[in-house]
Undergrad: 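Right, I'll just put the structure down here and ask away after.
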Amino acid sequence: MLPPLSSSFYRHDTVSVARALLGHLLCRESAAGLTAGIIVETEAYLSRDDPACHASCGRTRRNAPMFGPPGQAYIYFIYGNHFCFNVVTAPAGIGEAVLIRALEPVDGLELMQRRRGQGRSVLELTNGPGKLCQALAIDQTLNEHDLCRPPLWISAGREVEKEAVISVPRIGISRAVDKLLRFYIKENKYVSRRKSQR
DNA sequence: GGGAAGATGTTCT
DNA sequence: GAACATCTTCCCT
């Protein structure tokens, strides 16, 4: 197994971490086997001046992990069907995180395909926050998990040039829709493609 | 290849 | 009871 990034990687400002995560490898080990993919799309959620952030109205039972130590997982259930996986950033107590929106599958493609349902193209395995959670079997039981160790961790991947990273408005939110806090690798085929709505 | 709408359940008011 | 950091199917061009 590739060595995980150290916890200090996550302790910096959230926008920097959201950009820096692109190109790194999200790895998930389970009884069924290993699945992993390169992070190609992220979104930053900030504590100040960002009403779209779960932590913007203060601490609740649901968003409590966002106020915990940087480098832990914040996972929540949404729309009755899906999980979203976030990485907690900034020093503990601030309440910021990065949503992982899309991966480029690298390892365990067959297992991902089985979890996502038969006849699914490789492009559709992990090109969305709910999809990648299903493909990697990420659920509530991993909430608050330390991402510096198995069974869910992030390790150093390939270098991504600054010029190859685009920043655009975030997707699927109703507030603060104009902020350029969505980041992805230019021309990567696995980026989720939806236009913003509502 | 794109827009509309329904499914589904947890959290918070 | 409303809102929700989504996905899928169906129908249109």
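Chain naming here is simple, since letters A, B, ... match the order of the sequence lines and numbering starts at 1 in each.
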Undergrad: Measuring from atom CG of Asn127(A) to atom NZ of Lys189(A), what distance do you get when rounded to the nearest 0.5 angstrom?
TA: 12.5 Å
Undergrad: Of the non-hydrogen atoms in Thr141(A) and Asp139(A), which two are nearest, and what is the gap between them?
TA: OG1-OD1, 2.5 Å
Undergrad: Can you check whether Tyr76(A)'s main-chain N or O pairs, donor with acceptor, with Gln140(A)'s side chain at less than 3.5 Å?
TA: no
Undergrad: Which residues within residues 68-100 of chain A lie with some heavy atom under 4.0 Å of an atom in DNA chain B?
TA: Phe77(A), Tyr79(A), Gly80(A), Asn81(A)
Undergrad: Are Arg170(A) and Asp50(A) within salt-bridge range, i.e. N to O under 4.0 Å?
TA: yes
Undergrad: Which heavy atom of Arg62(A) sits nearest to which heavy atom of Ile78(A), and what is that distance?
TA: NH2-CD1, 4.3 Å
Undergrad: Kindly say if Arg182(A) contacts the phosphate of dA5(C), meaning a side-chain N or O under 4.0 Å from OP1 or OP2.
TA: no
Undergrad: Starting at NZ of Lys131(A) and ending at C1' of dT6(C), how long is that distance when rounded to a whole Å?
TA: 9 Å
Undergrad: Looking at dA3(C), I'd like to know if its phosphate oxygens (OP1 or OP2) sit under 4.0 Å from a side-chain N or O belonging to Ser174(A).
TA: no
Undergrad: Quick one about Thr126(A) and Arg101(A) (side-chain donor to acceptor, distance below 3.5 Å, no hydrogens or angles considered), yes or no?
TA: no
Undergrad: Any sub-3.5 Å donor-acceptor pair from His54(A)'s side-chain atoms to Asn63(A)'s backbone N or O?
TA: no
Undergrad: Please give, in whole Å, the distance from dG1(B) C1' to Lys189(A) NZ?
TA: 18 Å
Undergrad: Expected output check: what is the dot-bracket annotation of DNA chain C, where ( ) and [ ] are pairs inside the strand (brackets for crossing ones), | is paired with another strand, and pairs are Watson-Crick or G-U under 3.5 Å?
TA: ||||.|||||||.
Undergrad: From CG of Leu46(A) over to P of dA5(C), roughly how many Å is that when rounded to an integer?
TA: 15 Å
Undergrad: Without decimals, in angstroms, what is the distance between Glu124(A) CD and dT6(C) C1'?
TA: 15 Å
Undergrad: Please report, rounded to the nearest Å, how far the P atom of dA5(C) is from the CG atom of Leu180(A).
TA: 19 Å
Undergrad: Atom CD1 of Ile171(A) and atom C1' of dC7(C): how far apart are they, to the nearest Å?
TA: 13 Å
Undergrad: With no hydrogens and no angle check, is any side-chain donor or acceptor of Gln134(A) less than 3.5 Å from a backbone partner on Arg115(A)?
TA: yes
Undergrad: Among the nucleotides dC4(C), dT11(B), dT8(C), which one has an atom lying closest to any side-chain atom of Arg62(A)?
TA: dT11(B)
Undergrad: So, OP1 or OP2 of dA5(C): does either fall under 4.0 Å of a side-chain N or O from Arg175(A)?
TA: no
Undergrad: Looking at Phe83(A) versus Phe85(A), is the centre-to-centre ring distance below 6.0 Å?
TA: no
Undergrad: Could you state the CD-P distance from Gln134(A) to dT8(B), rounded to the nearest angstrom?
TA: 15 Å
Undergrad: Tell me: CD1 of Ile138(A) to P of dT6(C), nearest whole Å?
TA: 15 Å
